[in-house]
Chemist: 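Handing you this structure, nothing more for now.
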Amino acid sequence: MKKSAMPQELKFSMKGKGKIVTNGIFASNPVFRLVLGMCPTLAISTSAFNGLGMGLAATVVLVCSNALVSLLRKVIPDKVRIPAYVLIIATFVTLVEMLLRKFIPALYDALGIYLPLIVVNCIILARAEAFASTNKVGDSVLDGLGMGLGFTLALVLLGVIREFLGSGTFFTGSFGDVEFGVTLGDLPDYSMAVFVLPAGGFLTLGLVMAAINAISDKAAKARDEKHEEEGKLIDEMVREHVENELAETENIAKDEVYAERSLPSSGDDGDMPVGEERK
Amino acid sequence: MTYFLLIIGAMFVNNFVLCQFLGCCPFLGVSKKTDTALGMGLAVIFVMGIASVFTWLVQKLLVAAGIEYLQTIAFILVIAALVQLVELLLKKFMPALYSALGVYLPLITTNCAVLGVAILNIQSYGIATAESLFMSFLNGVFSGAGFTIAILLLAGIRERMDVNAVPKPFRGFPVTLVAASIMSLAFTAFSGMIS
């Protein structure tokens, strides 16, 4: 994609700003709609707590990198922008990595290799390229926040499902010395371990995605039907209007035709080439 | 024997895509046709092999300088530069190979399998790959081969799925994910082969 020499900045109203955030969470949710960032989504969503941690870590990186990319959008030359973005992202990932290791070591261990791999999470690079590189700092931060929260929501949703089916617990985890979460009676004894295995990750995401498609299809259909009914009324009105117009123009046209026909009949009948050719 | 175990481990037991969720984006994105999948797979083998060697050397430098915490930044820079370099060299000296792999090379920079193998070589696989450059290289190449096997299989499945009637909400990604899930289940059977 080539950026134009004069990047166009979109101006957003207050309502538009709210929409930037909700857009990332629902309408173009990075996981369910844009299908970006699959690796951490599938790997980390074995429990809701890990999903939350991963989501928030990615959100922090996303907001910071969007802000910096947006600030530097007029400084970074077009040709080296991708390496520059990657470097910015890598810097923030390293910071988050260090902070987590110091303050929440349990989460640091649980995220493992996927923490440094936030660098190559396509969501972050995609938002830097598609949004932050052409928009104002404030809007870019909001976009990062929306996308990050959308990612977090998706991870927590998948995490809750997989944790419940795969280990029979709900939101277990530990923060420092504090343990929390609910173990649901005897459920852990009857859990289906496949859901915390990779196979369960693919399956859960596939099924959730299909469910979301089905729901949004249904909503779209309902909206279309509503539009159709309204549309029929409007069509009727338009048709009547058009018919009236047509009738009027026809009348005018008829008048004009009569007028034109009456004109040539007045004189040059003898110069008509038709008569000569027939000879 | 250690080499053999490493190869089998990298290709099947710890298959990058199906058992470790590395490189899922190209796995799902570039698996519509078998020939493009093969192209992507070969490009990944190529870059992962070279990247394993260079990041291993860079890690030694970082350790010598006492700045291991810059690992992530250093690795991603090395990989990005390497991909660019490989692209240029291929264009100049092997135009045939370039025209076959060219499109896929830039995509590989953001393929987490490459950064993943670089980090895993040093961290989790422990002593064998961390100490021997050759083992690292082998691990890179055969992890890439594992990726190629997975993406080729999925592309074959998707080509056949295209001619079948799939329920509407499942069309596209969802049914692909379900297929990947069944493949992953099959690969789970390899686990425990190597302790």
Side-chain angles (χ1 to χ4, degrees), chain A residues 32-33 35-45 80 82-83 85-98 101 112-126 193-194 197-218, chain B residues 15-29 69-77 79-81 83-84 106-120 123-124 166-188 191:
Chain A
F32 296 128
R33 284 284 173 218
V35 199
L36 293 171
M38 286 290 109
C39 304
T41 307
L42 291 164
I44 293 301
S45 61
V80 293
I82 299 288
Y85 297 164
V86 170
L87 197 60
I88 290 171
I89 296 166
T91 311
F92 286 116
V93 170
T94 309
L95 285 177
V96 168
E97 217 180 322
M98 287 168 161
R101 186 191 263 176
I113 187 177
Y114 297 97
L115 195 55
L117 285 181
I118 295 177
V119 178
V120 281
N121 188 328
C122 359
I123 298 172
I124 297 171
L125 196 63
V194 70
L197 290 177
F202 283 115
L203 187 65
T204 314
L205 182 60
L207 294 181
V208 170
M209 227 185 236
I212 286 176
N213 282 352
I215 292 168
S216 63
D217 276 358
K218 217 170 182 180
Chain B
N15 186 286
F16 256 44
V17 185
L18 295 170
C19 303
Q20 303 202 47
F21 293 126
L22 294 169
C24 288
C25 285
F27 177 65
L28 297 171
Y69 59 88
L70 285 179
Q71 192 193 52
T72 314
I73 298 179
F75 280 12
I76 192 72
L77 271 186
I79 289 167
V83 171
Q84 287 274 306
L107 290 176
I108 290 176
T109 318
T110 51
N111 181 345
C112 50
V114 181
L115 186 60
V117 80
I119 297 174
L120 281 179
Q123 285 181 355
S124 317
V166 176
K168 200 174 167 236
F170 274 95
R171 266 174 223 167
F173 278 109
V175 76
T176 310
L177 283 164
V178 173
S181 155
I182 297 166
M183 280 170 68
S184 169
L185 209 54
F187 270 73
T188 312
S191 71

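If you're wondering where the values come from, they're calculated on a predicted model, not measured in any experiment. Just so it is clear, the values below take in all heavy atoms, side chains as well, and ignore hydrogens, waters and symmetry mates. Letters A, B, ... mirror the listed sequences (proteins, then strands); counts begin at 1.
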Chemist: With a 4.5 angstrom heavy-atom cut-off, is it the side chain or the backbone of B:L28 that approaches chain A, or both, or neither?
Modeler: side chain
Chemist: Of all the heavy-atom pairs spanning B:P169 and A:N213, show the shortest one and how long it is.
Modeler: O-ND2, 3.1 Å
Chemist: Report the distance from atom CG of A:L95 to atom OG1 of B:T72, rounding to the nearest 0.5 Å.
Modeler: 10.5 Å
Chemist: Is B:Y69 in contact with chain A via its backbone, its side chain, both, or neither, using a 4.5 Å heavy-atom distance?
Modeler: both
Chemist: In chain order, what residues pass the side chain to side chain contact (heavy atoms under 4.5 Å, CB included) check against B:A80, with sequence neighbours excluded?
Modeler: B:T109
Chemist: Less than 4.5 Å to any heavy atom of chain A: does that hold for the side chain of B:L22, its backbone, both, or neither?
Modeler: both
Chemist: With respect to chain B, which residue among A:G201, A:G37, A:C39 yields the maximal number of heavy-atom pairs within a distance under 4.5 Å?
Modeler: A:C39
Chemist: Can you tell which of B:G23, B:S191, B:C19, B:S181 has the highest number of heavy-atom pairs within less than 4.5 Å of chain A?
Modeler: B:S181
Chemist: What part of A:P83 is in contact with chain B, defined as an atom under 4.5 angstrom from a non-hydrogen atom: side chain, backbone, both or neither?
Modeler: neither
Chemist: Measure the SG-CD1 distance between B:C25 and A:I123 for me, rounded to the nearest 0.5 Å.
Modeler: 8.5 Å
Chemist: Heavy-atom cut-off 4.5 Å, strictly under: side chain, backbone, both or neither for A:L203 against chain B?
Modeler: both
Chemist: Say you draw a straight line from CG of A:L117 to CD1 of B:I119; how long is it, rounded to the nearest 0.5 Å?
Modeler: 5.0 Å
Chemist: Relative to chain B, which of A:T41, A:V120, A:V119 shows the most heavy atom pairs under 4.5 Å?
Modeler: A:V120
Chemist: Could you tell me which non-hydrogen atom of B:L18 sits nearest to which non-hydrogen atom of A:P198, and how far apart they are?
Modeler: O-CB, 3.2 Å
Chemist: What residues, two or more places apart in sequence or in another chain, satisfy ring-ring contact (aromatic ring centres under 6.0 Å, His included) together with B:F21?
Modeler: A:F202
Chemist: Against chain B, label A:L42 side chain, backbone, both or neither, depending on which of its atoms sit under 4.5 Å from a heavy atom there.
Modeler: both
Chemist: Using a cut-off of under 4.5 Å on heavy-atom pairs, state which of A:V194, A:V208, A:L205 scores highest against chain B.
Modeler: A:L205
Chemist: Please name the pair of heavy atoms, one in B:L185 and one in A:A199, separated by the smallest distance, quoted to 0.1 Å.
Modeler: CD1-CB, 3.6 Å
Chemist: List the steps and the verdict of side chain to side chain contact (heavy atoms under 4.5 Å, CB included) for B:I76 and A:I89.
Modeler: CA-CA 10 Å; B:I76 192 72; A:I89 296 166; over 6 Å; no
Chemist: Any idea which heavy atoms bring A:M209 and B:P174 closest together, and the distance?
Modeler: CB-CG, 3.9 Å
Chemist: For A:T91, is it the side chain, the backbone, both, or neither that has a heavy atom closer than 4.5 Å to a heavy atom of chain B?
Modeler: both
